[in-house]
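Note on naming: letters A, B, ... go to the chains in the order of the sequence lines (proteins, then strands), and numbering restarts at 1 for each one.
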Amino acid sequence: MPLLTAGGSWVIDDGLPSPSDRPFTVSVEAASPSEQAERQRAAWMAAAQAGDRRAYERVLASSLSLIRSVARRQGVPVDSIDDVVQETLLTVHRVRHTYDPTRSFDAWLAAIASRRAIDALRSQGRRGRREVHDEFALDQHPDRDDASAEGEREQQALRLRDAIAELPPGQREAVEQLGLKEQTLAEAAALTGRNTGALKVNLHRALKALRGRMHGEP
Amino acid sequence: MSSDPRRHEALIDALGAELTPVRRLLPPWLRTLGWLLAVVAIAAGLLMRYGDQPMLRRWAGAPDLAWAAAGAVFTAVCAAWCAFVLGVPGRSRAWAWLPVPGLLLWIGASGLGCLRTWLAPDTDIATLHQSVDCLVFIISFSVPLSILMVWLLRRACPLRPALTAVMVGLASAAASASLLEICHNFDAAATDLLTHALAVAIVVGVNVAMGGRLLSRH
């Protein structure tokens, strides 16, 4: 229910008060630059939900610094922060209908970024446990080019082929055209009849799925 | 990987190219109401079949049973609301405390019922066989109610899938226990209370194991 507060602000809330669940405050009076920026992002996101591409690209571009700062706060290593940014942008795209324009855009975005940062840390932890951190390991276990190593390589190639075959058609097409046949984006677009944007998104999703599959992650 | 702004620009460009208008997620209270309507419809069916007299007579004879039922209803409403709120990114985890007062009332009043039975042991106590019927009742009503709630959450984005699944399980089990009140002929004996607790634990556990996975696809 909207309330007019003593400070002349409209407070829209339908739930319990809590520190991190504050309703989005739309001030009638002049707001600070950061509040104005957030209001602008909220308005862009609302327009993006209605299909405004320009507003969407603006809100995503202006979200990058917040996503990076959330990832840093969660303790994501510097070299993985860009991956968290990419994953967050993809998640934002997938769940953009869950944003409620009467609430804070930054809180919504930060929650998604924080989740993706935790996922990145977890997957690094899993990879770290699997890898052998012994500098003598290579000397102790030289990579003998024997039948078993050859067999293992073949097995891996087979697994990769199977994993590619199981991808959804759009993603499989992107991997085949861009990854395996090494076509340029324009060539692949002309061949498949899809636009380059869709091809890039499909390739990104396919690589993520394959990485998960090959590393045994869900 | 070093910071590469072009990588983000390319992704933003690609996501912009894929942008389509979206239908916003309905507010959590409205989806809670939708789910509760299904519970009310089942309650109406059971009341038509059994009438309200046996239930009211039992409550008049043992008011703590009425309090336990009120606690179960309150738990179901709060846990359902909480599940839907947790499906929106950016909402506080503190919402998970919402069902606690109802839960305490439910457990406390049922426990008091047990004590009273020990003090006056000639009341009608459920046999083991009848308790198993209660278990089957709670579980068999919880399954469709849980499925309905997970379905209502299909467009949501629960960033804490396990906690959301606990709430789905708790809401379904509490709603089923409330429905059981309509056609339940026994006093709150220890065997009965244990059966209810076991049923709630099974429903919550299964939801965490299965619903958590369904809800974590984001």
Side-chain angles (χ1 to χ4, degrees), chain A residues 14-22 46 48-54 56-58 60-61 63-64 68 78-83 85-86 89-112 114-115 118 195-202 204 218, chain B residues 1-33 78 81-82 84-101 153-161 163 212-213 215-218:
Chain A
D14 65 346
L16 295 178
S18 76
S20 60
D21 197 26
R22 247 175 254 130
Q49 288 177 321
D52 183 341
R53 179 178 174 177
R54 216 173 129 82
Y56 189 45
E57 289 177 354
R58 280 180 170 173
L60 293 183
S63 299
L64 298 180
R68 281 197 197 98
V78 179
D79 58 352
S80 299
I81 284 181
D82 276 341
D83 290 340
V85 172
Q86 295 261 312
L89 290 176
L90 282 166
T91 307
V92 162
H93 185 70
R94 230 173 15 242
V95 304
R96 60 191 189 278
H97 61 279
T98 65
Y99 173 60
D100 175 356
T102 60
R103 294 195 157 264
S104 159
F105 173 77
D106 287 5
W108 179 79
L109 178 69
I112 296 172
S114 167
R115 187 70 245 176
I118 291 168
N195 66 32
T196 54
L199 277 169
K200 276 192 273 187
V201 173
N202 275 336
H204 187 94
Chain B
M1 197 177 300
S2 62
S3 182
D4 181 6
R6 270 171 313 175
R7 197 177 151 213
H8 301 325
E9 272 170 32
L11 181 61
I12 290 173
D13 192 41
L15 294 177
E18 277 207 332
L19 184 71
T20 47
V22 283
R23 194 165 46 87
R24 265 181 218 134
L25 202 60
L26 290 172
W29 67 266
L30 206 57
R31 281 176 295 143
T32 310
L33 213 61
C78 293
W81 193 8
C82 175
F84 288 117
V85 167
L86 290 176
V88 181
R91 303 299 291 266
S92 169
R93 195 170 39 184
W95 275 85
W97 293 101
L98 190 64
V100 171
L153 280 163
R154 74 200 181 282
R155 291 182 73 233
C157 173
L159 296 176
R160 298 183 187 86
L163 186 60
R213 234 171 258 176
L215 295 170
S216 63
R217 65 194 184 281
H218 289 299

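The pair D13(B)-R53(A) counts as a salt bridge, with a side-chain nitrogen and a carboxylate oxygen less than 4.0 angstrom apart.
Heavy atoms closer than 4.5 Å to chain B are found in the backbone of D52(A), but not in its side chain. Within the 4.5 angstrom heavy-atom criterion, atoms from both the backbone and the side chain of I112(A) approach chain B.
The CG atom of L15(B) sits 9.0 Å away from atom NE2 of H204(A), with the distance rounded to the nearest 0.5 Å. How far OH of Y99(A) is from SG of C157(B): 15.0 Å, rounded to the nearest 0.5 Å. Here OH of Y56(A) is found 9.0 Å from CD1 of I12(B). Values are rounded to the nearest 0.5 Å. To the nearest 0.5 Å, atom NE2 of residue H8(B) and atom CG of residue L60(A) are 12.0 Å apart.
Comparing L19(B), V88(B), L26(B), T20(B) by heavy-atom pairs within less than 4.5 Å of chain A, the highest count is held by L19(B). If you tally non-hydrogen atom pairs under 4.5 Å between each of A111(A), A61(A), A198(A) and chain B, the highest count goes to A111(A). Between chain B and the options R96(A), K200(A), R54(A), the largest number of non-hydrogen pairs under 4.5 Å is found for R96(A).
Listed for the Q86(A) side chain is a donor-acceptor partner under 3.5 Å among the backbone atoms of R7(B). A donor-acceptor contact shorter than 3.5 Å is absent between the side chain of R24(B) and the backbone of H97(A).
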CA sep, side-chain torsions, deciding dist, call: Q49(A), R23(B), side chain to side chain contact (heavy atoms under 4.5 Å, CB included): CA-CA 8 Å; Q49(A) 288 177 321; R23(B) 194 165 46 87; over 6 Å; no

Audit row: L90(A), L11(B), side chain to side chain contact (heavy atoms under 4.5 Å, CB included) steps and yes/no: CA-CA 8 Å; L90(A) 282 166; L11(B) 181 61; 4.1 Å; yes

Steps toward side chain to side chain contact (heavy atoms under 4.5 Å, CB included) verdict (R155(B), T98(A)): CA-CA 8 Å; R155(B) 291 182 73 233; T98(A) 65; over 6 Å; no

Worked verdict on E9(B) versus L64(A) for side chain to side chain contact (heavy atoms under 4.5 Å, CB included): CA-CA 10 Å; E9(B) 272 170 32; L64(A) 298 180; over 6 Å; no

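Taking every heavy atom of both residues into account, G197(A) and A14(B) meet most closely at O-CB, 3.5 Å.
Residues P27(B) and D100(A) are not in side-chain contact: their nearest non-hydrogen atoms beyond the backbone lie 4.5 Å or more apart.
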